[in-house]
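Just so you know, these numbers use all the heavy atoms, side chains as well, and skip hydrogens, waters and symmetry mates. Order of the sequence lines sets the chain letters (A, B, ...), proteins ahead of strands, with each chain counted from 1.
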Amino acid sequence: MSQRIGVVQFPGTNCEQDNIDTIKNLGGDAEILWHGSDTIGSVDAIVIPGGFAHGDYLRCGAIARFSPIMTAISRFAKSGGVVLGICNGFQILTETGLLPGALQKNVGLKFLCQMESLIVDSTSSAIGRWFKSGEKLQIPINHFEGNYVCSPEVMSELEAYGQIFLRYESNPNGSIGSIAGISNKEGNIIGMMPHPERATSDLLGSIDGNRILRGLLEGNVKNNS
Amino acid sequence: MTIWRVKIEVSPRSGIADPAGATIERSLPALGFENVQNVRLGKLIRLDIEAENREDVEKLVSDMCERFLTNPVIEDSCVEISES
């Protein structure tokens with residue numbers, strides 16, 4: 001049976017359909033999870049896609065944490081369920097406290113929308129385990145607040161526990177350690193600023209994003225164990 | 001119960017890069033404003049709150065800053081409380 005992925009939609013989310021299309025093209029099943037629902041139903045993994053949840057009022061991702069679905073997602077994640085936050089989804093995961101650190105405005109104060117070369121660092125997460133350390137991926141970014149920042153203590157932990165999944169080859173936004181994506185210690189909660197759902201066809205300039213989302217379909221720790 | 005008027009200034013923590021503040025700082029000399037330093041760009045949140053005394057207000061505001069109004073990883077807050 002194919003894996004069923006829940007793709008969360010907040011008011012202001014705008015990448016949900018691209019994620020659903022990609023997951024379906026890869027042979028998975030996908031459904032929208034409305035932010036106002038207090039249950040995630042029977043999905044095997046969750047994507048929190050990009051956009052501007054609740055208008056990004058106050059701070060990116062700050063209001064999203066009060067949506068009822070987030071309580072259900074936190075419960076799912078804490079019991080080992082795989083959750084991938086992309087762009088605004090990554091910001092929401094840090095604001096919710098499911099991932100460490102924060103994302104602030106890009107150095108240079110420019111909204112960046114461009115292809116980036118990424119280097120796979122740790123392969124210990126649920127998605128990272130389908131990659132080789134040192135591999136390069138071409139996946140675009142599309143953000144204003146993608147400059148990852150954390151305390152030196154958190155940075156040492158990220159390094160020590162193999163939580164740094166992706167780094168930029170040439171740091172476009174000022175992120176500490178050129179970080180483009182991280183996971184929690186357990187490896188089941190993953191956040192990344194680049195948009196894998198926008199690198200899914202040669203027409204788009206890269207198909208490397210397919211591998212990230214396929215990793216989500218195949219790499220479900222909870223269901224494969 | 002008294003109504004207290006609260007001003008919360010949220011700004012980037014010291015040590016955290018503030019590219020917006022830095023851009024303003026670089027622009028000011030162009031208008032002849034030399035000798036300006038430490039420009040930080042933040043935001044101001046105003047609210048009224050009903051409470052018995054100032055200590056209660058301080059406690060409540062500190063709690064809301066910690067849990068919601070600021071992101072302690074990157075932001076600091078400075079609170080000003082007055083009787084309305």
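- Summarising the geometry, atom CD belonging to A:Glu95 is positioned 4.5 Å from atom CG belonging to B:Asn71; distances are rounded to the nearest 0.5 Å.
- Contacts of A:Asn106 with chain B are made by backbone atoms alone, with heavy-atom separations under 4.5 Å and no side-chain atom involved.
- Within the structure, no pair that satisfies the ring pair (Phe, Tyr, Trp, His ring centres under 6.0 Å) test touches residues 17-56 of chain B, not counting sequence neighbours.
- For B:Lys43, the NZ atom sits in a packed shell: over 12 heavy atoms of surrounding residues, nucleotides or ligands are nearer than 6.0 Å.
- Among the candidates A:Asn147, A:Val107, A:Leu109, A:Val149, the residue making the largest number of heavy-atom pairs closer than 4.5 Å to chain B is A:Leu109.
- Take A:Phe66 and apply the ring pair (Phe, Tyr, Trp, His ring centres under 6.0 Å) test, not counting sequence neighbours, and it matches B:Phe68.
- Contacts between B:Arg67 and chain A at a heavy-atom distance below 4.5 Å involve the backbone alone (N, CA, C, O).
- The two residues A:Gly108 and B:Pro19 come nearest to each other via the heavy atoms N-CB, 4.4 Å.
- The shortest non-hydrogen separation linking A:Gln104 to B:Ala17 is OE1-O, 3.3 Å.
- Using a 4.5 Å heavy-atom cut-off against chain B, the contacting residues of residues 50-59 of chain A are A:Leu58, A:Arg59.
- Other residues, nucleotides and ligands contribute at most 12 non-hydrogen atoms within 6.0 Å of the CZ atom of B:Arg5.
- Of all residues in residues 74-84 of chain B, those placing a non-hydrogen atom less than 4.5 angstrom from a non-hydrogen atom of chain A are B:Ile74, B:Glu75.
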